[in-house]
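So the structure is just underneath, and the comments pick up after that.
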Amino acid sequence: MNERRSDRRTPSRGLLPGLTLACLVVAVISSLGAPLIPVIALAEHVSLAEAQWSLTITLLVASVAAPVLGRLGDGPDRRRVFLFALSALTLGGVLAALPLGFGPFLLGRGLQGLGVGLTPLAIATARDNLSPERMRAGVAMLSTTAAVGVGLGYPITGLLAEAGGLHLPYWFGAAVAALALLIAWRVVPGSVSRRRERLDITGAVLLGAGLSGLLLALSEGEAWGWGSALVIGIFLAAAAVLAVWVWWELRVTQPLVALRLLGERAVLTASVATLLAAVGMYLLISPVTTFVQTPRATGYGLGGTVVIAGLVLIPFSATSYLITRVVPWLVRRTSYELVLPLASAMMLAAMILFGLARDNIWEIVLIMAIAGVGTGSIFAVLPGYLMRAVPEHETSSAMSFNQILRYVGYSTGSALAAVLLQAQTAPGQEFPANSGYTIIGMVAGLGWVLTAAAAILLPLRRARRGLPRQG
């Protein structure tokens, strides 16, 4: 450990801003176009279910790319891998922006998925090159860009599309990705690690196949019928493949994802909390944007435009960012084990408010501001759980697995929100009953109770076994 510390070079003053920009760009691009699915369907002459793949394919490729990039980034090639990811993000943005048809558009969005997996590399780079004090605050900020970027991506998409049409948001994505690439080329150093491991190709193929099936069923379940034999069969096949993947990862000498680290209570706590938090985040974001755009003629909708629906997410991004300045200070004076349940309680409060008080725009704004505090706190504190438990050369890999859980949680939360609203939509009606949103608030609230329980009980079990807690 001391040898690694002594090998550290003095980082560029622009390193943390450069890493933050890259992660923010990744988060914005991962959600870019979400409000535009109906516009994509109309412009490309495809169904809404097919247009949904403009988001799904990015998440799918990112889910597989994240652990691959993470494993490669744990060795001496981290800088090259980092620049490759940003290059793919830029090239994919250009391809998606060009009016070449739906096929090349999806290919471009898939290429962007390769770049969406670079956040774990940024966190590993910060851990290796920043002083402990700057590293804690920096890693909290990098992790929280996922929430900040999603909140920014929606309004940016709406404003740019209204000003310049469907393809302008993707040109914007390509431009900011190119800027992040240029800055990263100047400030991101090489890895101090000389350890090079063989890439687990079998693990990558199994993970890709399993997640493809899972995301396919989640994306198409509403169109095909959640109880249909096809959807159930895909879910079962995906579960079987992922079970084989887990078996393989525990057996192989150099796994794609070090699942054995889940034996560490800190890693297990972070993993469970990440999955539940990602589901809960999209159980709020997805219904809120739909609710705001619902016509007033329904008796409960706010009748907002796509732009308004995006703008109400800005408080979410703002408070998610601001809380990162507070979380490291709070952790130093309390503990990781206390901050995570408190953050879950904030999210529970936001969901209770959404379930009971959503008659005006100002109420939605307040709800999103509270949710930003909760989500930002959770994503800011989770890397600390991981980095206390994993060796430095496993940082990228451990964070990559955490990233997979986020993407699966995002997709699950979005799909679950659609299912709950569809169940409250009367036959022949276009919009769900107002009670559908109340039910979503209750279901998401239960999820946040489970998140708080996991944050409390898993470390408690560790303590009862007589294992020391890490500070």
Side-chain angles (χ1 to χ4, degrees), residues 27-28 31-39 55 144 146-163 169 280-323 343 345-377 410 413-414 416-418 420-422 424-425 429-445 447-448:
V28 169
S31 63
L32 199 63
L36 297 180
I37 290 174
V39 181
L55 297 178
T144 312
V148 175
V150 169
L152 291 176
Y154 278 58
I156 288 173
T157 296
L159 290 169
L160 291 178
E162 189 173 84
M281 177 176 160
Y282 266 73
L283 264 177
L284 180 61
I285 287 179
S286 182
V288 159
T289 55
T290 303
F291 182 84
V292 170
Q293 295 179 76
T294 301
R296 293 185 181 276
T298 59
Y300 66 85
L302 299 182
T305 63
V306 172
V307 175
I308 297 298
L311 290 176
V312 299
L313 299 184
I314 289 181
F316 177 82
S317 292
T319 53
S320 293
Y321 169 75
L322 292 174
I323 198 64
M346 292 292 294
M347 288 303 300
L348 176 60
M351 294 313 304
I352 290 174
L353 282 175
F354 181 67
L356 301 177
R358 52 177 185 274
D359 298 328
N360 302 287
I361 283 288
W362 72 264
E363 291 175 328
I364 299 295
V365 169
L366 175 62
I367 289 166
M368 297 312 297
I370 295 172
V373 173
T375 303
S377 299
Y410 293 160
S414 180
L416 182 56
L420 293 173
L421 290 179
Q422 185 63 36
Q424 296 297 309
T425 303
Q429 296 296 314
E430 183 179 357
F431 298 99
N434 193 20
S435 59
Y437 294 96
T438 302
I439 292 173
I440 285 177
M442 294 169 58
V443 171
W448 288 111

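Heavy-atom basis, side chains included; hydrogens, waters and symmetry copies ignored. Residues: numbered from 1 along the sequence shown.
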Tightest non-hydrogen contact, residues Met351 and Ala444, listed as CE-CB, 3.4 Å
How are the rings of Tyr282 and Tyr410 set to each other: parallel, tilted or perpendicular (split at 30° and 60°)? tilted
Are any side-chain N or O atoms of Arg296 and backbone N or O atoms of Leu302, one a donor and one an acceptor, separated by less than 3.5 Å? yes
Are any of the side-chain heavy atoms of Ile285 and Phe316 separated by less than 4.5 Å? yes
Only distances under 3.5 Å count here; give the side-chain donor-acceptor pairs of residues 359-374 to other protein atoms, sequence neighbours excluded, each with its distance to 0.1 Å.
| unit_1 | atom_1 | unit_2 | atom_2 | d |
| --- | --- | --- | --- | --- |
| Glu363 | OE1 | Arg358 | N | 3.4 |
| Glu363 | OE1 | Asp359 | N | 2.6 |
| Glu363 | OE1 | Asn360 | N | 3.1 |

Kindly compute the distance separating OG1 (Thr157) from CD (Glu162), expressed to the nearest 0.5 Å. 12.5 Å
Which atom names give the shortest non-hydrogen contact between Pro155 and Ile314, and what distance separates them? CG-CG1, 4.0 Å
Hey, could you give me the CE/CE distance between Met347 and Met281, rounded to the nearest 0.5 Å? 8.5 Å
Quick one: closest heavy-atom pair of Thr298 and Phe431, and the distance? CG2-CD1, 3.9 Å
N/O donor-acceptor pair under 3.5 Å between Thr294 side chain and Gly301 backbone: no
pair Tyr300-Pro432: side-chain heavy atoms closer than 4.5 Å: yes
Looking at side-chain heavy atoms only, is the closest gap between Phe354 and Val288 below 4.5 Å? yes
Non-hydrogen atoms of Pro169 and Ala161 that approach each other most closely: CG-N, 3.9 Å
About how many Å separate CG of Leu284 and CH2 of Trp448, when rounded to the nearest 0.5 Å? 9.5 Å
Side chains of residues 305-313: which donor-acceptor partners sit under 3.5 Å, not counting sequence neighbours?
| unit_1 | atom_1 | unit_2 | atom_2 | d |
| --- | --- | --- | --- | --- |
| Thr305 | OG1 | Val307 | N | 3.4 |
| Thr305 | OG1 | Ile308 | N | 3.2 |

How long is the span from the OG1 atom in Thr144 to the CG atom in Leu322, to the nearest 0.5 Å? 11.0 Å
Given Leu416, which of Leu283, Leu421, Ile440 fulfils the side-chain contact (heavy atoms from CB on, under 4.5 Å) condition? Leu283
Return yes if some donor-acceptor pair links the side-chain N/O of Gln424 with the main-chain N/O of Leu420 below 3.5 Å, else return no. no
